[in-house]
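Computed from a prediction, not measured in an experiment: that's the story for all the values here. Each chain gets a letter, A, B and so on, in the order its sequence line appears, and its residues count up from 1.
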Amino acid sequence: MTENNKPTNFIRQIIEDDLASGKHSSIHTRFPPEPNGYLHIGHAKSIVLNFGIAEDYHGQCNLRFDDTNPHKEDEEYVEAIKDDVRWLGYQWAGQYFASDYFEQLYGFAIELIEKGKAYVCDLNADQVREFRGTLTEPGKDSPFRDRSVEENLDLFKRMRAGEFDDGARTLRAKIDMASPNMNMRDPAIYRIRRGVVHHQTGDAWCIYPMYDFTHPISDALEGITHSLCTLEFEDHRPLYDWYLDNITIPCHPRQIEFGRLNLEYTVMSKRKLTQLVTEGHVQGWDDPRMPTIAGLRRRGYTPAAIRDFCNRIGVTKSDGTVEMGVLEASIREDLDRCAPRRMAVLDPLRVVITNYPEEQEETLSGPNHPKDESMGTRELKFSRELWIDRADFREEANKKYKRLVTGGEVRLRNAYTIICEKVVKDVSGEIKELHCTYDPDTLGKNPQGRKVRGVIHWVPALSAVPAEVRLYDRLFTVPAPDGEKDKPFQEFLNPESLTVRQAMLEPALADAQPGERFQFEREGYFCRDTREAKAGKLVFNRVVTLRDSWGGG
RNA sequence: UGGGGCGUGGCCAAGUGGUUAAGGCACCGGACUUUGACUCCGGCAUCGCAGGUUCGAAUCCUGCCGCCCCAGCCA
């Protein structure tokens, strides 16, 4: 519902104003990830923002890899990122790498040097830090700040030629060592990185431009009109503008910052997500408990639900933390509409219908969707022995309990009503099976004289399909696992984030396709696991439970 | 103690001097129901605090308070 209406937020307002005033006649945005890890739901917010704006205002959105730090990056990630963006449903106008611009970037650096606005500095990292000053004290000028243009040009060319060691020199912008904005205290433009192989440019370069220098120029080169980034770059905007104002380039995009997405009961930083994987707390980047796009995808989330979620949470400059409930509501809404209904018993308890003939089996039918006849029906086999869920039976219970109790009657979903006559236990006292009788006259109609309130789901013992079902709960036990300063976030890992069940499924589920989603009635939405399917295993992941307004008791 | 931001119900978020302060999620009632689902009805805020300007302020001004970001040759 939210998806059909265009969202409104302060960035879209700026864009509409720019369009109305004629400042721009068309809009061009970009999504600029660094290929150093997998995308997560926070990136989805940025993707939906950037691509959504391009779509709604008939503009374009580029995909650009911010690959200026070969140390951390890898081709593996660029492929994964492209996959995720495509899966989310977007098509980029142009695909670029910041490294595509290395030669031009070098040229602009030369221009800055020639204008006396950049210099080669021989201070090492520690010295630079000392000279930078602190938040409350101004910095001091580098002793190399006043080198001649000729010397700077010569040194910079030799940096490129590989004559100096890593860290020996940097090219720096000559701005203001006393600026209250730390980013303006002669920031580095180029650093030396010899011997690393860049995933795109190989060994063509041994000096690499910094993000702050690269980003505005890349944006300008691509004709980006609005450069959207997260709040922590607010302080970088003066520098973004300074670079564009001090080189010869005909385009000056406007940087606009918005608040990052924070989600309760999970972590979002790349470092922490990496730790979850490498420390073995989850089984990989696509573990269904991960907030990564790959994880959500494998879990069974739909692209539409994620897009809807991103639109629901909005875009502002305030930083808040969104409840999981919003994400869950998005996927429930989508899946309620389109997921076929099936029955699956997660904790099987045998039921014998004692008045049902031993050799008989009949074929019933159940609608694939209670409100959408066009989705058709599927066959259900009914016979003497069935499985129901242990949680759907109690020897005794109060009237709030609407399921099966000793001597009580319930409706078997899509079938007959049954009455529990006898509970059979083993020596240890555990319930082994239930003996029930059914009322043959209750198929598709209510029994006369009684009203049966409860409905439970079931599966025929004869033809049930065994399968592994994985139930997921929140990864952490607290809303903000990384909120505690003195405790590592791992301490809040939820030991019960994954529960495995050996379940019995209705036969129709035997040929579920990998990635196919269903509603297991009264249980939740489930998706056949894609990874395990490759090994031929029938495994289902619980995407999300059904909403449950029952107190529990 | 420097600079940059933010502060509307439990969470997110509209609102841009005159509205009964949108909407979503959550929650609480109730209706319906062969999913304790879905759907449907109804309930649920005076806008961080304190002053001021104004006929009138969440929206303007002042002063407080709280939270976030910044001292990588990371992005």
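Partners of A:E137 by side-chain hydrogen bond (donor to acceptor under 3.5 Å, both in side chains), not counting sequence neighbours, listed by chain and number: A:T134. For A:V48, the side-chain contact (heavy atoms from CB on, under 4.5 Å) test picks out A:Y90, A:R307, A:C310, A:N311, with sequence neighbours left out. Residues satisfying the side-chain contact (heavy atoms from CB on, under 4.5 Å) criterion with A:E328, sequence neighbours excluded, are A:Y301, A:M324, A:R332, A:V544. For A:Y211, the side-chain contact (heavy atoms from CB on, under 4.5 Å) partners at least two apart in sequence or on another chain are A:D66, A:H215, A:F233. Applying the ring-ring contact (aromatic ring centres under 6.0 Å, His included) test to A:Y265 and every residue at least two apart in sequence or in another chain returns nothing. For the ring-ring contact (aromatic ring centres under 6.0 Å, His included) test, no residue two or more places apart in sequence or in another chain qualifies with A:F131.
A donor N or O paired with an acceptor N or O is not found under 3.5 Å between the base of B:U35 and the side-chain atoms of A:E523. A donor N or O paired with an acceptor N or O is not found under 3.5 Å between the base of B:G4 and the side-chain atoms of A:R237. For A:E257 against B:G5, a side-chain-to-base donor-acceptor contact under 3.5 Å is absent. At a cut-off of 3.5 angstrom, counting only N and O atoms as typed in the model, there is a donor on one side and an acceptor on the other between the side-chain of A:Q13 and the base of B:U16.
Residue contacts shown for A:I192 are absent, as no nucleic acid heavy atom lies under 4.0 Å away. Residue-level contact check: A:G444 touches the bases, meaning some heavy atom is under 4.0 Å from a base atom. Residue-level contact check: A:Q519 touches the bases, meaning some heavy atom is under 4.0 Å from a base atom. Among the heavy atoms of the strands, none lies under 4.0 Å from A:T417. A:L364 comes within 4.0 angstrom of nothing in the nucleic acid, heavy atoms only. In this structure, A:K317 reaches the sugar-phosphate backbone alone: every heavy-atom distance under 4.0 Å involves primed, P, OP1 or OP2 atoms, never a base.
Among pairs with a residue in residues 180-191 of chain A, those fulfilling salt bridge (charged side-chain N to carboxylate O under 4.0 Å, His left out) read A:R145-A:D186, at least two apart in sequence or across chains. For residues 155-175 of chain A, every residue pair satisfying the ring-ring contact (aromatic ring centres under 6.0 Å, His included) rule, not counting sequence neighbours, is listed here: A:Y106-A:F156, A:F156-A:Y190.
Distance check on atom C1': B:A50 versus B:A57 gives 15 Å, rounded to whole Å. A gap of 33 Å separates the P atoms of B:G63 and B:G72, to the nearest Å. B:C60 and B:G23: their P atoms are spaced 24 Å apart (whole Å). The separation of B:G4 from B:U53, taken at their P atoms, amounts to 29 Å, rounded to a whole angstrom. B:C47 and B:U20 have their C1' atoms separated by 15 Å, given to the nearest Å.
A:R312 has no side-chain polar atom (N or O) that falls below the 4.0 Å cut-off from OP1 or OP2 of B:G23. Between A:S318 and the phosphate of B:G5, there is no side-chain N or O to OP1/OP2 separation shorter than 4.0 Å. Of the side-chain N and O atoms in A:S549, one or more sit less than 4.0 angstrom from OP1 or OP2 of B:A37.
In this structure, the nucleotide among B:U35, B:G4, B:C38 sitting nearest to the side chain of A:R547 is B:C38.
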Using atom names, set out every protein N or O paired with an N or O of nucleotides 39-46 of chain B below 3.5 Å, distance rounded to 0.1 Å.
residue, atom, partner, partner atom, Å
B:U39, O4', A:K371, NZ, 3.4

Could you run down the sub-3.5 Å N/O contacts of the protein with nucleotides 65-72 of chain B?
residue, atom, partner, partner atom, Å
B:C68, O2', A:D319, OD2, 3.1
B:A71, O3', A:R132, NH2, 3.4
B:A71, O2', A:R132, NE, 3.0
B:G72, OP2, A:R129, NE, 3.3
B:G72, OP2, A:R132, NH2, 2.8

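If A:K45 and A:K399 are placed on RNA chain B by their nearest nucleotide, the residue sitting closer to the 5' end is A:K45.
Atom OH in A:Y211 sits about 16 Å away from atom P in B:C73, given to the nearest Å. Rounding to whole angstrom units, CZ of residue A:F131 and P of B:C73 are separated by 14 Å.
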Kindly list each side-chain donor-acceptor pair under 3.5 angstrom involving residues 31-42 of chain A, sequence neighbours excluded, with atom names and distances?
residue, atom, partner, partner atom, Å
A:E34, OE1, A:N36, ND2, 2.9
A:N36, OD1, A:K270, NZ, 2.6
A:Y38, OH, A:E76, OE2, 2.7
A:H40, ND1, A:G42, N, 2.9
A:H40, NE2, A:M268, O, 3.1

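Contacts between residues 156-171 of chain A and RNA chain B, defined by a heavy-atom separation below 4.0 Å, involve A:G167, A:T170, listed by number.
Aromatic ring pairs are classed by plane angle as parallel below 30°, tilted from 30° to 60° and perpendicular above 60°; the pair A:F526 and A:F520 is parallel.
Ring-base stacking between A:W550 and B:G36 is satisfied, the centre separation being under 5.5 Å and the plane angle under 30°.
With its glycosidic angle within 90° of 0, B:G72 adopts the syn conformation.
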